[in-house]
Amino acid sequence: MLDIRFIRENQDIVQKNAENRGYRDVSIAKLLELDGQKRILQQEVDELRERRNQNSAKMKGGKPEQELIDEGKRIKVELSTREEYLTGVSAEFQVMIEGVPNMAFDDVPVGGEEASIEIKQFGEQDTGAVDHLDYATARDWLDFERGAKVAGAKFYYLKGDLALLEQAVTQYAIQFVTERNFTLMSVPHMVNQRTMTGTGFAPRSSDQSDEYSIEGEDLSLIATAEIPLTGYHADEIIDEADLPLRYAGISPCYRREAGAAGKFTRGLFRVHQFNKLEMYVFATPESSAAIHEELLQIEEGIWQSMEIPYHVINIATGDLGAPAAKKYDLEYWSPVDGMYRELTSCSNCTDFQARNLNIRVRRADGKVEMLHTLNGTAVSLARSLVAILEHCQTEDGKIRVPEVLRPYIGGREVL
RNA sequence: GGAGAGGUGCAGGAGUGGUUGAACUGGCUUGUCUCGAAAACAAGUGAACCGCAAGGUUCCGCGAGUUCGAAUCUCGCUCUCUCCGCCA
């Protein structure tokens, strides 16, 4: 969430920002009205508590006088009605402020998906490959039918060389990021509600929730390792000297993908479960923009080294999601679809997630403030396999293994 | 899953229902001393909210309750530890 003090002082631009991002229900005027009520109530409650404390201080030691006890009783009644009122207003306020999206940076294009701007391009826009689903199914590497039998639509098995290729990509990416000072983390695959919503994902009660929840437990399956990695330092104050903290979390990702269907979600491109290696950084506010660029560079480095053509887009406001101030997507060129398709993504969430989960930095001079968080996909396995399957088909119908992956698949050059 | 013990400040660790935001010890910071360091001594050392400030309120795992007043009593939850059971 945003800092309420910032909202108070910048009512108009916060409202405008929410509108740019497509948050039609956000009313900053209403939020501030509640904020005002809440502050008045808080003051009243504080004053009553002060009176209560003074009153009981008079009774320390000796036998209390009846008059003081009666006064205490009167304060108690008044206090409890005010407190109840305050609790209600606070809860309402909390729901509203959590619904306000992060402020987008000035260099983020305003508009919907179509307004996103291409900022980089790599490789050729080639054509003429066999669709990955048809190809992999024919080679008995991929089985959606049995996935459906066992779990349901959009579940799948990877078999044989494709399953091996997944491991190779994973190992290569782990090597790539750990060489760049990311600490590899194996994370909880389920998190509680606070961690889920604090990271910026919809609460389980919401019908828009893309997460699977465990019935009877305060647990949901993670949609990305970003979620448990954000929560890792919740309620902590980190010394400035220890920042940035760079983690790479590997985990399966579970997504309901309700309503997603159609030509461009075919096969492995959009599924209920996939593995992913996610970079995550806790950083000082002044360093986050530079680290964001670095995350993008790492993502580009991975795909350049595999010789997969791509471009990078600066995502427009309407497509940012709630926590990001700025987001880059790396989209690979699909020779099958003749268009760029999302492969990885990296976001600077500034202090939005940090404020939700109370993650702060203690400066050298002792001052404490919110830190910044960033996340970026190293590799998303299902989609990575799609990109490789589409790009590395040889004339005789095999798959040429990108050179950098060969050490991780027994030195094989062709599958 | 069953039984028991326990969750107090940066860490350890006291705490009788009212003088405890919290003893004491350690850590850390600053100062004195020193050529410098160590030692010693002295002072300081959590966070949130409101306020220009003075100051006020809140926080002793979390949440309810009892009370004029709760770190201290009651209940629920949660986490940690020990033992048993189960198990990759």
Side-chain angles (χ1 to χ4, degrees), chain A residues 1-9 31-98 186-198 203-204 213-220 228 231-243 245 251-252 282 285 351-371:
Chain A
M1 65 180 132
L2 293 177
D3 185 348
I4 184 61
R5 280 167 294 195
F6 177 84
I7 300 176
R8 281 175 202 148
E9 287 162 22
L31 176 68
L32 290 179
E33 196 184 312
L34 273 179
D35 176 50
Q37 283 179 32
K38 179 168 155 272
R39 289 164 81 184
I40 290 166
L41 281 166
Q42 184 67 57
Q43 241 171 44
E44 289 174 354
V45 165
D46 281 359
E47 279 161 22
L48 282 166
R49 282 175 177 162
E50 186 179 0
R51 274 172 60 199
R52 178 197 65 193
N53 292 345
Q54 284 170 356
N55 188 251
S56 51
K58 288 184 202 156
M59 289 185 256
K60 280 172 187 168
K63 300 168 200 162
E65 293 167 38
Q66 189 57 40
E67 202 180 310
L68 289 174
I69 292 178
D70 290 343
E71 170 67 3
K73 284 185 176 174
R74 281 194 294 273
I75 295 170
K76 182 184 179 174
V77 171
E78 206 181 332
L79 181 58
S80 78
T81 59
R82 291 279 98 176
E83 279 177 334
E84 199 174 319
Y85 195 12
L86 176 62
T87 304
V89 171
S90 297
E92 210 178 325
F93 170 81
Q94 197 58 28
V95 168
M96 280 198 86
I97 193 169
E98 280 173 6
S186 174
V187 300
H189 297 175
M190 297 182 213
V191 298
N192 55 30
Q193 196 55 206
R194 182 198 177 208
T195 307
M196 189 61 88
T197 54
R204 62 191 296 166
S213 299
I214 306 299
E215 201 175 339
E217 304 272 351
D218 179 26
L219 289 172
S220 300
Y232 186 70
H233 285 300
D235 298 318
E236 294 182 22
I237 301 175
I238 297 163
D239 281 336
E240 182 175 359
D242 294 332
L243 295 178
L245 287 167
S251 77
F282 296 88
D351 59 5
F352 192 83
Q353 294 175 324
R355 188 168 295 104
N356 289 340
L357 291 176
N358 197 27
I359 312 171
R360 292 164 293 175
V361 51
R362 190 188 309 280
R363 297 297 199 167
D365 65 4
K367 290 215 174 67
V368 173
E369 65 181 299
M370 294 300 164
L371 48 68

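Residue numbering restarts at 1 for every chain, and letters A, B, ... go by the order of the sequence lines.
- Note that CG of L219(A) is 9.5 Å distant from CE of M196(A), once rounded to the nearest 0.5 Å.
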List every contact pair, protein side and nucleotides 71-75 of chain B side both N or O, where the distance is under 3.5 Å.
none

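- Side-chain atoms of N356(A) come within 3.5 Å of backbone N or O of M1(A) as a donor-acceptor pair.
- Comparing A11(B) with C84(B), their P atoms are spaced 31 Å from each other, to the whole Å.
- The nucleotide C41(B) finds its pairing partner in G31(B), both defining distances of the Watson-Crick or G-U wobble pair being shorter than 3.5 Å.
- Here A22(B) sits opposite no nucleotide as a Watson-Crick or G-U wobble pair (both hydrogen-bonding atom distances under 3.5 Å).
- Per the geometry, CD belonging to Q54(A) stands 16 Å off C1' belonging to U19(B), to the nearest Å.
- Residue N192(A) contributes atom CG, which lies 12 Å from atom C1' of C79(B) at whole-angstrom precision.
- Rounded to an integer number of Å, the gap from NZ of K38(A) to C1' of U57(B) is 13 Å.
- K73(A) comes within 4.0 angstrom of the backbone, heavy atoms only, and of no base.
- If you take atom P in C60(B) and the same atom in G9(B), they sit 10 Å apart, rounded to whole Å.
- Straight-line distance between the C1' atoms of U8(B) and A23(B): roughly 12 Å, to the nearest whole Å.
- Base pairing annotation: G36(B) forms no Watson-Crick or G-U wobble pair, as no partner gives both donor-acceptor distances under 3.5 Å.
- Nearest-nucleotide positions on RNA chain B for R52(A) and I237(A) put I237(A) closer to the 5' end.
- Taking atom CD of residue E83(A) and atom P of nucleotide A64(B), one finds them 10 Å apart after rounding to whole Å.
- Rounded to whole Å, the distance from CG on L86(A) to C1' on U57(B) is 12 Å.
- D35(A) has no carboxylate O lying under 4.0 Å from a charged side-chain N of R5(A), or vice versa, which leaves the two without a salt bridge.
- In this entry A64(B) has U74(B) as its Watson-Crick or G-U wobble partner, both defining distances falling under 3.5 Å.
- Panel note: side chain S56(A), backbone R52(A); a donor-acceptor pair is recorded below 3.5 Å.
- No more than 12 heavy atoms of other residues, nucleotides or ligands sit less than 6.0 Å from atom CE of M190(A).
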Protein-nucleotides 48-54 of chain B N/O pairs under 3.5 Å:
{"from": "C49(B)", "atom 1": "OP1", "to": "R5(A)", "atom 2": "NH2", "distance (Å)": "3.2"}
{"from": "C50(B)", "atom 1": "OP1", "to": "R8(A)", "atom 2": "NH1", "distance (Å)": "3.3"}
{"from": "C50(B)", "atom 1": "OP1", "to": "R8(A)", "atom 2": "NH2", "distance (Å)": "3.4"}
{"from": "C50(B)", "atom 1": "O2'", "to": "Q43(A)", "atom 2": "NE2", "distance (Å)": "3.2"}
{"from": "G51(B)", "atom 1": "OP1", "to": "R39(A)", "atom 2": "NH2", "distance (Å)": "2.6"}

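- For N53(A), a side-chain nitrogen or oxygen approaches OP1 or OP2 of U58(B) to under 4.0 Å.
- The pairing partner recorded for G6(B) is C79(B), the criterion being a Watson-Crick or G-U wobble arrangement whose two distances lie under 3.5 angstrom.
- Counted by atom type alone, E98(A) and Q94(A) present one or more donor-acceptor pairs between their side chains at under 3.5 Å.
- Contact annotation for R194(A): no contact, since no heavy-atom pair falls under 4.0 Å across all strands.
- In terms of modelled atom types and a separation under 3.5 Å, the side chain of N358(A) and the main chain of D235(A) share no donor-acceptor contact.
- Salt bridge present: E83(A) and R49(A) bring a charged side-chain N and a carboxylate O closer than 4.0 Å.
- Nucleotides U66(B) and C28(B), compared at atom C1', are 42 Å apart to the nearest Å.
- Across C24(B) and C75(B), the matching P atoms stand 33 Å from one another, rounded to whole Å.
- Of the C1' atoms belonging to G7(B) and G13(B), the separation is 13 Å, rounded to the nearest Å.
- Side-chain N or O atoms of R360(A) include none that pairs as donor or acceptor with a backbone N or O of I237(A) at under 3.5 Å.
- Remark: the separation of the C1' atoms in A22(B) and C59(B) is 12 Å, to the nearest Å.
- When Watson-Crick and G-U wobble pairs are counted only if both distances are under 3.5 Å, A88(B) pairs with no nucleotide at all.
- Distance check, rounded to the nearest 0.5 Å: CG of D239(A) to CZ of R362(A) gives 6.5 Å.
- As rounded to whole Å, 7 Å separates atom P of C59(B) from atom CZ of R49(A).
- Note on N55(A): every side-chain N or O is 4.0 Å or more away from OP1 and OP2 of G69(B).
- E71(A) and R51(A) are joined by a salt bridge, as a carboxylate oxygen and a charged side-chain nitrogen come within less than 4.0 angstrom of each other.
- Computed from coordinates, the L48(A) CG to U58(B) P distance equals 11 Å when rounded to whole Å.
- A donor atom on one side chain and an acceptor atom on the other are not found under 3.5 Å apart for D218(A) and N192(A).
- Taking atom P on both A42(B) and C35(B), the two are 22 Å apart, rounded to the nearest angstrom.
- For R362(A) and A47(B), the CZ to C1' distance is 9 Å, given to the nearest whole Å.
- Using the Watson-Crick or G-U wobble rule with both distances under 3.5 Å, C59(B) pairs with G46(B).
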